[in-house]
K.L.:
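Handing you this structure, nothing more for now.
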Amino acid sequence: MFFDKHSMQSNLECFLECTTPVVQSQFLPKTEIRDLNVLWHPWEREKVEYFTLGDLWNCYDEWSAYGAGVPILLNNNETLIQYYVPYLSAIQIFTSNSARNSFREETESGDCETRDSFSDSCSDESESEKLCRWDGCSSEEGGLEQESLWPRSDRLGCLYFQYFERLAPYGRVPLMDKINGLAQRYPGLMSLRSVDLSPASWMAVSWYPIYHIPMGRTIKDLSTCFLTYHTLSSSFQDMDLDDDMDGNEKKKRKEGEGISLPPFGLATYKMQGHVWVSSKTGRDQERLMSLLSVADSWLKQLRVQHHDFNYFTGIHRG
């Protein structure tokens with residue numbers, strides 16, 4: 001039964017598990033392992049697993065169309081399945097000059113806007129102390145156009161693409177539709193590999209409830225919206241981002257069974273009542289605060305103004 005698998009988990013744990021993408025993985029050819037950026041991949045390995053961004057988005061295909069089902073146990077011990085639709089809230093992809101330049105060459109004869117988007121990025125001629133200026137991506141869906149100064153850093157990499165959603169939820173399109181549209185101008189959104197991305201690469205996904213089964217009841221607690229943060233680089237692949245999980249709930253991933261991208265950060269909106277914070281263990285509230293703190297620290301470290309995060313947390317910034 002669907003509920004049996006999650007019977008020992010809290011509702012918050014169920015949500016995080018049911019909305020975590022598990023991406024089809026591939027093995028990097030041994031001849032390419034020695035070419036990896038040593039700052040991003042400092043350890044030596046005989047085998048290196050990676051995924052393409054295209055395979056990552058495939059995880060959101062069905063969720064974008066029908067919603068991700070999350071089993072919920074209510075206070076009166078009734079059970080239902082709440083469905084959430086994912087939307088691309090924000091993304092920044094940092095990669096190496098060689099990878100970025102290969103996509104510039106692909107688009108030289110194509111869309112002039114795509115070429116222009118590279119013109120303010122890091123260049124091979126930049127000196128170590130030179131500031132790297134980049135501009136935001138905009139689209140008909142409403143990207144955030146902003147200019148900022150970043151010190152050139154080999155560890156950070158060069159910005160290939162960024163997008164920040166600012167439209168109201170009812171004006172957005174599901175994540176898969178958004179990515180398909182953006183990928184027409186930025187082909188790297190499909191073909192870039194996790195090993196090509198710097199540790200600074202990340203995305204945020206907003207999850208909005210659409211319906212629950214069985215229907216017929218209006219439950220305030222189920223109007224909660226979530227904002228999950230995920231790393232995109234293989235640099236974090238072997239790190240256990242679920243350190244606060246009970247030991248008996250941890251599972252060691254086997255080679256070739258897919259790469260899981262659990263959220264390293266989380267923000268919530270309209271969280272009311274006790275559906276999402278279990279009183280049995282007292283760990284849910286602690287976990288919520290920890291994930292929120294990490295998300296906030298991440299954004300501050302990258303000097304990013306994330307519209308959805310500010311809205312979810314009630315922060316008003318000029």
Side-chain angles (χ1 to χ4, degrees), residues 2 6 11-12 14-25 51-72 80-93 137-144 161-194 197 201-213 215 222-232 258-270 295 306-309 311-312:
F2 188 59
H6 304 278
N11 292 331
L12 177 63
C14 282
F15 172 83
L16 294 176
E17 179 178 328
C18 291
T19 57
T20 290
V22 179
V23 194
Q24 176 184 341
S25 64
F51 60 86
T52 66
L53 291 183
D55 285 335
L56 169 60
W57 310 133
N58 285 339
C59 297
Y60 292 90
D61 191 10
E62 186 173 329
W63 294 342
S64 296
Y66 306 108
V70 179
I72 302 295
L80 54 79
I81 299 178
Q82 177 70 51
Y83 287 85
Y84 294 84
V85 172
Y87 298 87
L88 181 64
S89 175
I91 186 171
Q92 284 188 314
I93 297 177
C137 163
S138 64
S139 74
E140 65 280 5
E141 267 69 42
L144 169 63
F161 176 81
Q162 72 167 355
Y163 179 84
F164 295 90
E165 182 63 89
R166 293 180 65 86
L167 286 181
Y170 58 80
R172 305 181 184 186
V173 296
L175 186 145
M176 196 65 193
D177 300 304
K178 169 62 73 175
I179 289 294
N180 284 334
L182 294 172
Q184 293 180 15
R185 294 176 56 205
Y186 299 90
L189 286 176
M190 291 296 182
S191 58
L192 276 170
R193 306 171 302 177
S194 57
L197 309 182
S201 301
W202 63 284
M203 71 170 179
V205 180
S206 54
W207 300 86
Y208 292 94
I210 47 175
Y211 63 90
H212 54 263
I213 298 176
M215 301 180 69
L222 297 183
S223 63
T224 302
C225 307
F226 296 88
L227 186 62
T228 59
Y229 290 79
H230 308 262
T231 59
L232 300 175
I259 298 173
S260 177
L261 299 180
F264 69 82
L266 177 74
T268 63
Y269 180 66
K270 293 183 178 179
H306 184 194
H307 177 269
D308 280 353
F309 181 83
Y311 186 81
F312 273 41

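Because the structure is a prediction, the values reported are computed rather than measured. Position 1 is the first residue of the sequence, and the numbers go up from there.
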K.L.:
Kindly check if the number of other-residue, nucleotide or ligand heavy atoms within 6.0 Å of OH (Tyr211) is above 12?
P.N.:
yes
K.L.:
Here's a test for you: under ring pair (Phe, Tyr, Trp, His ring centres under 6.0 Å), which of Tyr87, Tyr269, Tyr170 qualifies with Tyr208?
P.N.:
Tyr87
K.L.:
Kindly indicate whether the side chain of Val205, heavy atoms from C-beta on, has any atom under 4.5 Å from the side chain of Tyr60.
P.N.:
yes
K.L.:
If you define the side chain from C-beta out and look only at heavy atoms, does anything of Pro86 sit under 4.5 Å from Thr19?
P.N.:
no
K.L.:
With side chain to side chain contact (heavy atoms under 4.5 Å, CB included) as the test, would you mind laying out the steps for Asn180 and Met190 before giving the verdict?
P.N.:
CA-CA 9 Å; Asn180 284 334; Met190 291 296 182; 3.4 Å; yes
K.L.:
Can you check side chain to side chain contact (heavy atoms under 4.5 Å, CB included) on Leu80 and Leu222, steps first, answer last?
P.N.:
CA-CA 11 Å; Leu80 54 79; Leu222 297 183; 3.8 Å; yes
K.L.:
To the nearest 0.5 Å, what is the distance between OG on Ser201 and CD on Gln162?
P.N.:
11.5 Å
K.L.:
Does atom OH of Tyr311 have more than 12 heavy-atom neighbours, drawn from other residues, nucleotides or ligands, at distances under 6.0 Å?
P.N.:
no
K.L.:
Looking at every heavy atom in both Leu182 and Leu88, which two are closest together, and how far apart are they?
P.N.:
CD1-CD2, 4.1 Å
K.L.:
For a quick test of reading the model, state the closest non-hydrogen atom pair linking Ala90 to Trp202 and the distance between them.
P.N.:
CB-CH2, 3.7 Å
K.L.:
I need the single residue from Glu165, His307, His306 that forms a side chain to side chain donor-acceptor pair (under 3.5 Å) with Ser89. Which is it?
P.N.:
His306
K.L.:
With the side chain counted from C-beta on, respond yes when Phe15 and Ile72 share a heavy-atom pair under 4.5 Å apart, and no when they do not.
P.N.:
no
K.L.:
Do you know the tightest heavy-atom contact between Trp63 and Cys18?
P.N.:
CZ2-O, 3.3 Å
K.L.:
To check you understand the geometry: which heavy-atom pair defines the closest contact between Ile93 and Leu192, and what is its length?
P.N.:
CG2-CD1, 3.9 Å
K.L.:
With rounding to the nearest 0.5 angstrom, report the CE to CH2 distance, Met203 to Trp57.
P.N.:
5.0 Å
K.L.:
Applying the side chain to side chain donor-acceptor pair (under 3.5 Å) test to Trp207, which of Thr228, Thr268, Thr224 qualifies?
P.N.:
Thr228
K.L.:
Does some side-chain heavy atom of Thr20 sit less than 4.5 Å from a side-chain heavy atom of Pro263?
P.N.:
yes
K.L.:
Met176 and Asp61: which non-hydrogen atoms are nearest, and at how many Å?
P.N.:
CG-OD1, 3.8 Å
K.L.:
To the nearest 0.5 Å, what is the distance between CZ on Phe51 and CG on Leu197?
P.N.:
7.0 Å
K.L.:
With heavy-atom distances below 4.5 Å as the criterion, would you say the side chains of Asn58 and Gln24 are in contact?
P.N.:
no
K.L.:
Looking at Leu12 and Leu266, what are the two nearest heavy atoms and their distance?
P.N.:
CD1-CD2, 4.3 Å
K.L.:
Apply side chain to side chain contact (heavy atoms under 4.5 Å, CB included) to the pair Ser206 and Arg172, showing each step before the final yes or no.
P.N.:
CA-CA 11 Å; Ser206 54; Arg172 305 181 184 186; 3.4 Å; yes
K.L.:
What distance separates Gln92 CD from Phe161 CZ, expressed to the nearest 0.5 Å?
P.N.:
10.5 Å
K.L.:
Any chance you could lay out the side chain to side chain contact (heavy atoms under 4.5 Å, CB included) test for Ile179 and Leu53, step after step, and finish with the verdict?
P.N.:
CA-CA 10 Å; Ile179 289 294; Leu53 291 183; over 6 Å; no
K.L.:
Can you tell which of Pro71, Ser223, Pro209 makes a side-chain contact (heavy atoms from CB on, under 4.5 Å) with Gln82?
P.N.:
Pro209
